[in-house]
Amino acid sequence: MSKIEDVRKFYARLMAANAASPDPRLEAVFASVPREAFLGPGPWTVIANGGKIITPSADPAHIYQNVLVALDADKGINNGEPFLHAMWIGKLAPKPGEAVCHIGAGTGYYTALLARLVLSGGTVTAFELDEKLAGLARQNLETYGNVTVVHGDAVTTPLPPSDIIYVNAGVATPPAGWLRALRPGGRMIFPWRPAERVPLAVLVTRTKKGFACDPFMRSWFIPCFGASAADLAAKIPTRNQAARSRSIWLTRDKTPDRTATAIFGDVWFSSRSLDAKPHD
């Protein structure tokens with residue numbers, strides 16, 4: 001085994017351990033997808049506590065750690081924290097044959113991991129608004145036959161019917177179209193940023209009763225163009241209200257009631273779980 005293979009395998013074990021996923025394929029895909037192939041030529045710029053550190057060389061061993069690697073430092077765009085993405089992908093539990101929509105794909109590294117996890121028969125549609133990054137993602141993912149890269153705005157473009165929607169840009173609220181795109185049993189994970197003081201990661205699951213909501217950790221991503229600012233008429237939650245949210249509703253399906261923790265036009269959040277009785 002070469003040095004880089006050894007390093008990549010250890011990195012994959014760390015990712016799988018942090019994800020605490022029962023799916024052994026998660027470790028396998030982290031070991032098999034070369035991160036350096038999605039970062040451009042080294043040396044690379046690593047982001048640490050807001051500062052920048054240049055790797056000593058172009059040896060890819062330097063980026064097989066839980067580090068943020070800059071993709072466009074001027075725009076604040078990076079490759080993402082591997083531990084976080086491993087955990088999120090583990091929570092989503094992609095299955096062979098599922099359709100994934102990746103919003104904010106960057107240069108495609110996590111898109112590639114998702115694409116491997118839904119083989120065989122599954123597909124990934126990857127949206128990237130930045131033209132340069134979308135072009136790089138298209139090149140990087142050329143050998144992944146089940147991936148389609150879209151240079152476009154996922155907020156205004158209808159999403160394909162999806163089993164998984166993986167959002168890597170902060171939103172004040174998920175657009176109604178994203179919720180409608182979820183198939184029964186579908187899962188969406190997104191960075192919820194209704195206010196500067198409220199950075200949460202939320203897992204949404206479409207059930208027979210509606211959209212269950214689980215704010216499960218703090219999280220910060222760069223804003224999603226077109227969906228990061230709340231309307232002036234919106235009801236903005238406090239951090240505690242946001243954390244208590246247990247379901248999401250489309251206003252056309254249900255009018256906001258006293259359980260509303262946040263209201264954003266055609267989408268609102270409720271503190272009542274889908275299994276709660278009306279008087280709970």
Side-chain angles (χ1 to χ4, degrees), residues 1-73 76-96 100 102 104-119 122 124 126 133 136-137 139-144 146-147 164 166-168 189 191 201 216-222:
M1 183 184 297
S2 70
K3 175 192 171 185
I4 191 58
E5 287 175 324
D6 192 39
V7 168
R8 197 178 287 138
K9 283 183 178 295
F10 181 66
Y11 162 83
R13 287 178 62 193
L14 289 176
M15 295 305 119
N18 192 68
S21 168
D23 187 351
R25 300 178 309 133
L26 190 64
E27 180 176 339
V29 298
F30 269 102
S32 64
V33 175
R35 190 182 188 194
E36 66 273 20
F38 297 85
L39 301 178
W44 300 279
T45 300
V46 171
I47 310 300
N49 197 29
K52 300 175 183 178
I53 302 173
I54 308 297
T55 60
S57 70
D59 184 344
H62 297 305
I63 47 87
Y64 281 103
Q65 305 176 62
N66 186 45
V67 292
L68 299 173
V69 180
L71 297 177
D72 189 326
I77 301 173
N78 59 65
N79 184 245
E81 182 186 358
F83 271 179
L84 180 145
H85 286 277
M87 187 197 312
W88 282 23
I89 294 172
K91 284 185 77 71
L92 288 168
K95 300 176 183 64
V100 178
H102 186 187
T107 56
Y109 176 55
Y110 299 105
T111 311
L113 296 167
L114 291 164
R116 290 277 176 89
L117 288 166
V118 296
L119 288 174
V124 180
L133 295 181
L136 290 170
Q139 293 174 28
N140 295 337
L141 295 163
E142 193 172 3
T143 59
Y144 293 75
N146 62 334
V147 176
I164 288 175
Y166 192 68
V167 185
N168 290 161
I189 205 164
F216 64 93
M217 66 178 286
R218 288 176 59 85
S219 177
W220 191 92
F221 278 73
I222 63 169

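When a residue number appears, it is its place in the shown sequence, counting from 1.
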Compile the donor-acceptor pairs under 3.5 Å between side chains in residues 47-59 and protein atoms, sequence neighbours left out, one pair per line.
residue: T55; atom: OG1; partner: W44; partner atom: N; Å: 2.9
residue: T55; atom: OG1; partner: S57; partner atom: O; Å: 2.9
residue: S57; atom: OG; partner: D59; partner atom: N; Å: 3.1
residue: S57; atom: OG; partner: H62; partner atom: NE2; Å: 3.2
residue: D59; atom: OD1; partner: A61; partner atom: N; Å: 2.9
residue: D59; atom: OD2; partner: K3; partner atom: NZ; Å: 3.0

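- The ring pair (Phe, Tyr, Trp, His ring centres under 6.0 Å) check on Y166 picks up H85, H102, with sequence neighbours excluded.
- Partners of R218 under the side chain to side chain donor-acceptor pair (under 3.5 Å) rule, at least two apart in sequence or in another chain, do not exist in this structure.
- Taking the side-chain contact (heavy atoms from CB on, under 4.5 Å) definition, one finds that N140 meets it with F38, T107, L136, sequence neighbours left out.
- Not a single side chain to side chain donor-acceptor pair (under 3.5 Å) links N18 to another residue, sequence neighbours left out.
- Between L114 and the options V147, V100, V29, a side chain to side chain contact (heavy atoms under 4.5 Å, CB included) holds for only V100.
- The closest side-chain heavy-atom distance from Y144 to L119 is not below 4.5 Å.
- If you take OG1 on T111 and CG on N146, they are separated by 11.0 Å, rounding to the nearest 0.5 Å.
- The side-chain heavy atoms of L71 and L39, taken from C-beta on, include a pair separated by under 4.5 Å.
- The side-chain heavy atoms of Y64 and F30, taken from C-beta on, include no pair separated by under 4.5 Å.
- Partners of D72 by side chain to side chain donor-acceptor pair (under 3.5 Å), not counting sequence neighbours: none found.
- For the salt bridge (Lys or Arg N to Asp or Glu O under 4.0 Å) condition, the pairs that include at least one residue of residues 26-45, sequence neighbours left out, are R8-E36.
- A137 pairs by the side-chain contact (heavy atoms from CB on, under 4.5 Å) definition with L141, V149, not counting sequence neighbours.
- In this structure, the side-chain contact (heavy atoms from CB on, under 4.5 Å) partners of S21, at least two apart in sequence or on a different chain, are A19, D23, L26.
- Using a 4.5 Å heavy-atom cutoff, the side chains of N168 and W88 are in contact.
- With hydrogens and angles disregarded, a donor-acceptor distance shorter than 3.5 Å links the side chain of R25 to the backbone of P94.
- Taking CD1 of I164 as the start and CG of L92 as the end, the distance is 5.0 Å to the nearest 0.5 Å.
- When the salt bridge (Lys or Arg N to Asp or Glu O under 4.0 Å) test is applied to R13, no partner is found at least two apart in sequence or on another chain.
- A search for side chain to side chain donor-acceptor pair (under 3.5 Å) contacts involving E81 returns N66, not counting sequence neighbours.
- Taking CG from L84 and CE from M15, the interatomic distance works out to 11.0 Å, rounded to the nearest 0.5 Å.
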